[in-house]
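Everything below concerns the one structure shown next.
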Amino acid sequence: MRPSIARVALPVPLDKQFDYLIPSHLFPIIGGRVSVPFGRQTLTGVVTELTQHSEFPLAQLKAIKAVMDNQPVWPTPLYELIRWCSQYYQHPLGDTLHNAMPSALRKGKVADFATQVEWQLTEQGKNQLMHNFGRAVKQAKVMKRLEHGPCPHQEFIEEEISSSVLKTLTEKGWIASTEIKPKRHAWPKELCNQPADLRINKEQAVAIATVNSKSGFHSYLLEGVTGSGKTEVYLNLIKPRLEQGQQALVLVPEIGLTPQTINRFKKRFNVPVEVIHSGLNETERLNAWLSARDNIAGIVIGTRSALLTPFANLGIIIVDEEHDASYKQQDSLRYHARDVAVMRANKEQIPIVLGSATPALETLHNALSGKYHHLTLTSRAGLAVPTTNKVIDVKGLYLESGLSAPLIAELRKHLSAGNQVMLFLNRRGFSPALMCHECGWIAECHRCDAYYTFHQHSNEIRCHHCGSQQHVIHQCQGCGSTQLVTVGVGTEQLESQLEQLFPEYKTIRIDRDSTRRKGSLESALESIKRNEYQILIGTQMLAKGHHFPNVTLVALLDVDGSLYSSDFRASERLAQLFIQVAGRAGRASKPGEVLLQTHHPEHSLLQSLLNKNYRHFADTVLQERKLALLPPFTFLTLFRAEANNCDDVETFLRQVRHTLEAHPLFDDNCMVLGPTPAPMAKRAGKSRWQLLLQVSTRSLMQKLLMSSRSVISQLPHAKKVRWSVDIEPQDLS
Ligand code: ADP
Ligand code: ZN
Ligand code: ZN
């Protein structure tokens, strides 16, 4: 019998689905979009079930207005994966499905390529190529371009050829347009342009052969320092799969999507390569998505959100720099793209390769325990040599805007040898606080538990947590004194100090403030490569994905914060940053040096990092985590709650705690910590508290959360606060 009711997942913050009647002339399908009335609006949703029965009286149900798809939006395994994400990360299905679609589809557009217009010469036009166009330069340009073959309309728009020019030529009968849809061309026989001089080394060959020797789903960790040839391994793994008509998905961190990376893939293979990132406009994104789904693209390279791209025939997933924090989404569906990628590979029964010089401790643990195959590249494929690493003990030393005298001397040495130097400081702005010299009053954000950062460049004080900003103040609000001084050092101050110290060299600063304009980061990186700047200053933004062969000195200015942080991952992040910058500096003819300024040169983690290697460091930290029952030895869930009223927040989290503890599955393998005020206890005027659940296995954590979920959302205080659940949080603030 024909189903009479469709259950629809809608993009609303409610964790349930809605029943609609199916009019006799409409044929909705599971996994396809429909448009439905919802309150006074019309929404686009996804059908999750077709049925005869509803818990509601039929008379109360409204009818579907329109059906948008006659095939599901996602292939079955991907649709199941998205449903799994919604469950695992405890996010409403409707919103999860909604966000997994390109925005054009969310708005109800057709899930098919728009036809494109293409221009070409007519027979008559071909005889006019020698025609003298005189002052009709644009007409001449069009004819000249078409002499070489058909041209998409888009290209003429980009060349600023007006439609009147095209119209005139059409009326003369010299050119004509046709409408075309992109279609899948068979990939050429000669797929791969491997350079002849590039011989895979032994370790690379072992890695490639290991992955190729197994079929079905397997996870691999490819551990190798920067320049050890990981990308070369990826390319060699992709090749045989393309030859069999399969596609490849390559995930890179947000900042890693540089033209160089993309070009390497494009140059190597004669297949369409689609690039997916947040900068695409709606049409570009839809086209990239369709091109993967319809088997036109051979390779898709993209950041986190590219993970949920549909493929006709996916053959392998690569996650480069798998330790990178940008793989974890920090709001709405708080998924970890690396972890979900492993799940996807499992569902699609294909291999997944996680590459890094500094694997996340979770990944390393999986490799050491045999869950993942562990592949290593130990030698640098290029000519680079290891750096010399040193600490500068700054105890008792005078710091000039964060710089110690020994560091300044080193900078001078490297600069006068004609090299570039790079300085890292993870704090933007001029100084992290503005203080009264007479009474000690500090300019504090009224809405947050935080000081204002002083930005000299814009002459403002800004709160980096709620975004509030105001013109800089010149008078103390405590005692009225005008003697306001800056406290602490940010990248802006470091920059102006270095400009004063080294006026004969050019400095450039790379942080979120200096790279706001689209394309400004790329052009800054290019000018660094061209040696236009000698002193490079940045937050960790500068560390990722770029190789600067002329940099011979790298300095990390303030590592103490990471050694003694309340976030247990801070030391892991410091180690990753350190190895990464060390990997970027120098080459054979110009050996690199890395300096760390610290008050704690004897700290065991620093010593292990400097004198041993990342693995030694990681082993030490893994042992500590094991003793402390921290990930990867346990699994965490962080409940966050905020409200104007501090009592409401605390009460709600107390109720959550009781709910969890009263659960029949809650046993010695589970522990709840809190509620406690969040590290930043007030933000944008709201009180913030948190509660941490620690469970010894993932499956127990899942079961516990799944069956507590509806109880928690119906707790008496759940409506009084804004709350969220973060499964396996990466950031505990
Ligand atoms: P990673 O991805 O680990 O940073 P790449 O694959 O980018 O390393 O390799 C670093 C450099 O070494 C590149 O210029 C690459 O072309 C080169 N390279 C990689 N493998 C080899 C090899 N087997 N022989 C010669 N050069 C290689
Ligand atoms: Zn004062
Ligand atoms: Zn604030």
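Atoms within each ligand, like the ligands themselves, are counted from 1 in listed order.
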Q. Can you tell me if T491 and D511 form a side-chain donor-acceptor pair at under 3.5 Å?
A. yes
Q: Check whether any N, O or S atom of H464, backbone or side chain, sits closer than 2.8 Å to the Zn ion (ligand 3).
A: no
Q.
Between H218 and Y372, is there a side-chain heavy-atom distance shorter than 4.5 Å?
A. no
**Q.** Apex the Zn ion (ligand 2) - arms SG from C436 and SG from C479 - angle rounded to 10°
**A.** 110°
Q. What orientation do F454 and F430 show, parallel under 30°, tilted 30 to 60°, or perpendicular over 60°?
A. perpendicular
Q) Counting heavy atoms only, which of R264, E203, E232 is nearest atom 13 (C) of ligand 1? A) R264
Q: Check whether any heavy atom of G224 sits under 4.0 Å from an atom of ligand 1.
A: no
Q | Numbering as shown, the atoms of ligand 1 that approach G229 to under 4.0 Å (heavy-atom distance) | A | 1 (P), 3 (O), 5 (P), 6 (O), 8 (O), 9 (O), 19 (C)
Q | Any side-chain heavy-atom pair of V252 and I301 under 4.5 Å | A | yes
Q. Can you say whether the rings of H471 and H474 are parallel (under 30°), tilted (30 to 60°) or perpendicular (over 60°)?
A. perpendicular
Q.
Please list, in number order, the atoms of ligand 1 under 4.0 Å from a heavy atom of K230.
A. 1 (P), 2 (O), 3 (O), 6 (O), 8 (O)
Q | No-hydrogen, no-angle side-chain donor-acceptor test under 3.5 Å, R462 and S458 | A | yes
Q. Looking at R199, which atoms of ligand 1 are within less than 4.0 Å of one of its heavy atoms?
A. 22 (C), 23 (N), 24 (N)
Q. Under 6.0 Å from the NZ atom of K239, do we count more than 12 heavy atoms belonging to anything else shown?
A. no
Q. If you stand at the Zn ion (ligand 3) and look out to SG of C445 and SG of C463, what angle do those two lines make, to 10°?
A. 110°
(Q) Counting backbone and side-chain atoms alike, is an N, O or S atom of H465 positioned under 2.8 Å from the Zn ion (ligand 3)? (A) no
Q) Quick one: angle C466 SG - the Zn ion (ligand 3) - C448 SG, to the nearest 10°? A) 110°
Q.
Are more than 12 heavy atoms, taken from residues, nucleotides or ligands other than Y451, located less than 6.0 Å from that residue's OH atom?
A. no
**Q.** Where ligand 1 meets N201 - atom numbers and elements under 4.0 angstrom, heavy-atom basis
**A.** 23 (N)
Q) Is there a nitrogen or oxygen of L198 sitting under 3.5 Å from a nitrogen or oxygen of ligand 1? A) no
(Q) Below a 4.0 angstrom heavy-atom separation, can you tell me which part of T231, side chain or backbone, both or neither, approaches ligand 1? (A) both
(Q) Is H446 close enough to the Zn ion (ligand 3) that one of its N, O or S atoms comes in under 2.8 Å? (A) no
Q) Do you know the tightest heavy-atom contact between V233 and A207? A) CG1-CB, 4.3 Å
Q: Could you tell me which atoms of ligand 1, counted from 1 in the order shown, lie closer than 4.0 angstrom to a heavy atom of V225?
A: 3 (O)
Q. Is there a side-chain contact between L377 and L222, using heavy atoms and a 4.5 Å cut-off?
A. yes
